[in-house]
Amino acid sequence: MKPTDIQDPEYFHKVVDCQHACPAHTPVPEYIRLIAAEKYTEAYMVNWESNVFPGVLGRTCDRPCEPACRRGRVEEEPVAICRLKRVAADNKGEVKHLMPQGPFESNGKKLALIGGGPASLTVARDLAPLGYEIHLYDEWKKGGGMMRTQIPAFRLPESVLDEEVNYIIDMGIHTHFNTFVESMKEVLDKKYDAVFVGTGAPKGRALNIPGYEEAKENIHIGIEYLASVAFEHKTDIGKKVIVLGGGNTAMDCCRTSKRIGGKEVTVVVRSPRKDMKASPWEIEDAEREDIIILNNMPPKEFVVEDGKLKGMWFEKVKAEYDENGKRSLIPTGEPDEFIEADDVIIAIGQDNAFPWIERDLGIEFGKWDIPVLDKTTFQSTRQDVFFGGDAAFGPENVITAVAHGHQAAISIDLFCKGKNLMERPDPITNLISQKMGIHEWTYDNSIADDLRFAVPHEDKAKSLSDRKVEVELGFDEKLGFKEAQRCLNCDVQTVFETSLCIECDACVDVCPTDCITFTANGEEADIRTRLNAPAENLSQDLYVSDILPLTPRVMVKDEDVCLHCGLCAERCPTAAWDMKKYLYNTAKTYNQDGSGSCC
C-alpha cells in the first residue's frame, strides 16, 4: 500500500464520521466541545455557518450524523448530537451582530427564489452578503416553507422558527409573501439574472381504493392536513382517527390528531415495523402518547353508510424477502380486519408538482415529474434556473435542503459571474497540534463512561391538551454538559511522523482497541487480515505510513476503531504521534476567495 496522503482534505474529513455523514458537513465535535465549555454562543455560530437553522434542527433533524457516531461502536447509543445542537440554541446569547450586517453594496444582479423553505432561505443567506438583490416568493404569510407547514408546533415552536427565518429575512431580502407563483414564464419575464426553485414536494398522495370518492369529506391528505392545522384553518377532528402510512408525516399527523379531538388514534402501516420510514424516536413519541400502531395491514376499502364514513377494511399480510432484499407482502389468509373511523388521514408519501412551470421554457423534466438537473451544480437544462431541496430530487429533509442551498448558491454566483460551474471552490481546512506540554492537550481527552442521557419530556396530559405546548423540554445546561462529555473528539486526529519513530511498539501496547499495527507492507486485502485486530469495515480507510527507518515495516492504523483517546501520543517517547485537531468547513459563496467565514 502507498503511504496515506493526509494532505488530501477528504481523508481526515471521512474519519470525522458524524461530520462526514451530515449533508451540510457541520463540524460536530467542535461545537460539542464549545458546549462543554459553556460557550453556547460560539457553538451556535459554528452550527449557523453550516446548517443555518440550529434551533430548528436541534429539535427536528433526521440525525444522519448519529448512526455514524463513533460512540456507537463502543456502546449501544451514539452521542445525542441533535439535541446538543438545541442546547447551543437554547442557551446562546445575542448572535445577530455576529452575522452579516446589511445593507450590502449592490453587485447589480437580481435573483428570484420561489418557495420560502430551508433551501431558498439558505441561498438567500449565502448570496445576500455578496450584494445580490434577492426576491423571495412564497404562498404563505411567513417564511419557513415545510418547516412551518409540516412540522407541528409541539415539535417546533413558532417562535424558534420565526427567529431563525428572520435572521435571514433581515439581511435585506425582498419578500413577496401571500404570493402564489402561477407561471414560471411570468417570473422569467421580470428579467432576473437567475431563478432558484425551492418549492418542496407539495403534492400528497391519495389512495384510490373502493369507497374513496364516497368518503372524501372525511379523508385528509397528510401534508395538507398538517398545513391546515398549522394555520388554524382546521381546529378539530373526529374522535376515531385512522392514519395511513409509516413515515414521519404519519407520526406528525397522528400526534396532531390527538391534540385536536382524536381520542382513539390508530396508525396502520402496510409493511413490517422494521421497514417503517419514520425515525425510531418519532415512533416512540407517538406510542408514548397512547397511539396504536398496527403493521402488515394494507388498506382495502373505505366503508361508507348513509353517506357517512364508518371505517376501513384492512388485509393481513406477512413480509418475505428474496436474496437481494426485495420485499413482497404475502396474504396470510387471516380474515380481513375492520377498524372504525370518523376521519382518515392519508400519509403515504408526497411528490413533486410543477404545474406552474410551462414546458416550453427549456426546463426538462424526467420520471415522476422531477426536473433534469446536474447533481453537482443543481442547474437545470435552462442555464439560469436552479433547483434545490425536495423540489430537486424528491422528498428528503431539512438538513439536506440546507446542503442543496449552499451548493446552489455557489453555482448561482459562478453563473452570474460567467464562470465555469464545475470549478467548485475547495473546502477550508486546517490541522493544528493540540499539544500544550509533554503529555497535555488543549482538549479534554478523558472519556466519560456515561450512557446516553434521556431528554426530559413535558407532562403528557399537559402536552396533549394544547398542540402548541412543546413536548421535548431539551437538555438543561447540566445534562448538556454530561452528554457533551460522551463525545470522543473524533476530529482530533492521531498524526504519525515516520522519521521520529524508533519502533518501540509502546503505542501498540497502550492502544485500548488494538487499532495500531507494525507489519510488512502488502496489498490492502492482505494487510487487513494481518492487523492486531482484523479491519473488516471496508468503508473506513487504513492509515499507512512510509517505510519505517529501522525495519522494512510500515505502521498501519485502522481508522474505523480508533477512539482518538490520545494514549498513543502520550506514551510515545519521541513524539512520533501527535494529536492534531482537523477543522473542515465546506466552501460557501462568501469564502470562495479564501476570505474565510462570514461570521
Side-chain angles (χ1 to χ4, degrees), residues 149-150 152 154 203-230 232-273 275-278 282-318 329 331-332 334-350 460 463-465 467:
T149 63
Q150 295 177 37
F154 56 82
K203 183 180 178 182
R205 294 177 189 163
L207 186 62
N208 188 19
I209 60 174
Y212 178 79
E213 290 297 327
E214 295 84 346
K216 243 182 174 180
E217 186 177 333
N218 294 94
I219 298 175
H220 316 277
I221 304 300
I223 59 174
E224 297 172 6
Y225 170 74
L226 291 174
S228 294
V229 174
E232 299 182 343
H233 301 151
K234 186 169 185 63
T235 57
D236 59 12
I237 200 164
K239 292 183 178 180
K240 296 180 180 179
V241 180
I242 294 174
V243 178
L244 304 178
N248 284 336
T249 299
M251 297 303 106
D252 287 338
C253 287
C254 68
R255 297 180 68 197
T256 296
S257 298
K258 267 280 190 177
R259 289 161 168 77
I260 63 169
K263 301 299 182 184
E264 299 176 25
V265 180
T266 305
V267 176
V268 186
V269 189
R270 67 194 303 268
S271 58
R273 186 181 179 107
D275 291 347
M276 289 175 63
K277 293 182 179 180
E282 297 295 341
I283 297 172
E284 291 170 10
D285 283 346
E287 292 184 325
R288 187 182 291 115
E289 294 174 357
D290 304 318
I291 291 165
I292 298 169
I293 299 177
L294 303 175
N295 293 90
N296 297 316
M297 293 174 58
K300 288 187 70 175
E301 181 183 2
F302 294 97
V303 177
V304 178
E305 294 179 4
D306 299 324
K308 185 176 172 120
L309 176 69
K310 291 296 183 181
M312 294 187 69
W313 282 105
F314 295 89
E315 187 179 12
K316 298 285 188 71
V317 299
K318 62 180 179 179
L329 297 178
T332 63
E334 298 173 82
D336 293 344
E337 182 168 338
F338 180 77
I339 301 177
E340 293 184 3
D342 301 309
D343 287 275
V344 174
I345 302 168
I346 302 175
I348 57 174
Q350 56 200 83
K460 183 167 71 175
S463 65
L464 289 176
S465 68
R467 70 173 184 85

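Residues: numbered from 1 along the sequence shown. Everything quoted here is computed from the prediction, not taken from an experiment.
Counting only heavy atoms from C-beta outward, the side chains of Leu329 and Lys318 never approach each other to under 4.5 Å. No side-chain heavy atom of Thr149 sits less than 4.5 Å from a side-chain heavy atom of Leu226. Considering only heavy atoms from C-beta on, Ile346 comes within 4.5 Å of Ile219 through its side chain. A 4.5 Å side-chain heavy-atom check between Asp342 and Val241 finds every atom pair outside the cut-off. A 4.5 Å side-chain heavy-atom check between Thr249 and Ile223 finds at least one atom pair inside the cut-off. You'll find the side chain of Leu294 reaches within 4.5 Å of the side chain of Thr266, heavy atoms only. Looking only at side-chain heavy atoms (C-beta outward), Val344 and Leu244 come within less than 4.5 Å of each other. Side-chain contact between Ser257 and Ile345: present, with at least one pair of heavy atoms (C-beta onward) separated by less than 4.5 Å.
Residues meeting the side-chain hydrogen bond (donor to acceptor under 3.5 Å, both in side chains) test with Lys460, sequence neighbours left out: Asp290. Scored by the side-chain hydrogen bond (donor to acceptor under 3.5 Å, both in side chains) test, Arg288 finds Asp285, His457 as partners (sequence neighbours excluded). For Lys308, the salt bridge (charged side-chain N to carboxylate O under 4.0 Å, His left out) criterion is met by no residue, not counting sequence neighbours. By the salt bridge (charged side-chain N to carboxylate O under 4.0 Å, His left out) test, Arg270 pairs with no residue at all, sequence neighbours left out. Every ring-ring contact (aromatic ring centres under 6.0 Å, His included) that Tyr225 has, sequence neighbours left out, goes to His220. Residues meeting the salt bridge (charged side-chain N to carboxylate O under 4.0 Å, His left out) test with Glu337, sequence neighbours left out: Lys316. Scored by the side-chain hydrogen bond (donor to acceptor under 3.5 Å, both in side chains) test, Glu284 finds no partners at all (sequence neighbours excluded). For Glu289, the side-chain hydrogen bond (donor to acceptor under 3.5 Å, both in side chains) partners are Arg255, Arg259, not counting sequence neighbours. For Asp275, the side chain to side chain contact (heavy atoms under 4.5 Å, CB included) partners at least two apart in sequence or on another chain are Ser271, Pro272, Tyr321, Arg327.
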Run the side chain to side chain contact (heavy atoms under 4.5 Å, CB included) test on Lys277 and Glu282 for me, step by step, so that the C-alpha distance in whole Å, both residues' side-chain angles and the decisive distance to 0.1 Å come before the verdict. CA-CA 10 Å; Lys277 293 182 179 180; Glu282 297 295 341; over 6 Å; no
Worked check of side chain to side chain contact (heavy atoms under 4.5 Å, CB included) between Asn296 and Glu315: CA-CA 8 Å; Asn296 297 316; Glu315 187 179 12; over 6 Å; no
Let's go through Glu287 and Ile283 carefully: what are the C-alpha distance in whole Å and the side-chain angles of both, what is the deciding distance for side chain to side chain contact (heavy atoms under 4.5 Å, CB included) to 0.1 Å, and is it a yes or a no? CA-CA 6 Å; Glu287 292 184 325; Ile283 297 172; 4.2 Å; yes
Run Val267 and Ile292 through side chain to side chain contact (heavy atoms under 4.5 Å, CB included) and show every step you take. CA-CA 6 Å; Val267 176; Ile292 298 169; over 6 Å; no
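Residue pairs that meet the salt bridge (charged side-chain N to carboxylate O under 4.0 Å, His left out) test with at least one member in residues 240-254, sequence neighbours left out, are Arg155-Asp252, Lys240-Glu340. Listed by first and then second residue, the salt bridge (charged side-chain N to carboxylate O under 4.0 Å, His left out) pairs that reach into residues 204-226 are Arg205-Asp351, Glu213-Lys216, sequence neighbours excluded.
Looking only at distances, a side-chain donor or acceptor of Asp343 sits under 3.5 Å from a matching main-chain atom of Gly238. With hydrogens and angles disregarded, no donor-acceptor distance shorter than 3.5 Å links the side chain of Lys258 to the backbone of Ile260.
Contact detail for Ile348 and Ala206: the closest heavy-atom pair is CD1-O, 3.4 Å. Listed here is the closest heavy atom pair of Gly245 and Ala250: O-CB, 3.3 Å. Minimum heavy-atom separation, Arg467 to Ala230: NH2-O, 3.7 Å. Asn248 and Ala278 get closest at one heavy-atom pair: OD1-CA, 3.2 Å. When every heavy atom of Leu309 is checked against every heavy atom of Ala215, the shortest pair comes out as CD1-CB, 3.8 Å. Annotation for Thr332 and Glu334: closest pair OG1-OE2, 2.9 Å, computed over non-hydrogen atoms.
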Anything under 3.5 Å between a donor and an acceptor, one on a side chain of residues 297-307, the other on a protein residue two or more places apart or in another chain? List them.
| from | atom 1 | to | atom 2 | distance (Å) |
| --- | --- | --- | --- | --- |
| Lys300 | NZ | Asp336 | OD2 | 2.9 |

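A distance of 10.0 Å separates SG in Cys253 from CD1 in Ile221, rounded to the nearest 0.5 Å.
Counting heavy atoms of neighbouring residues, nucleotides and ligands inside a 6.0 Å radius, atom NZ of Lys239 does not exceed 12 of them.
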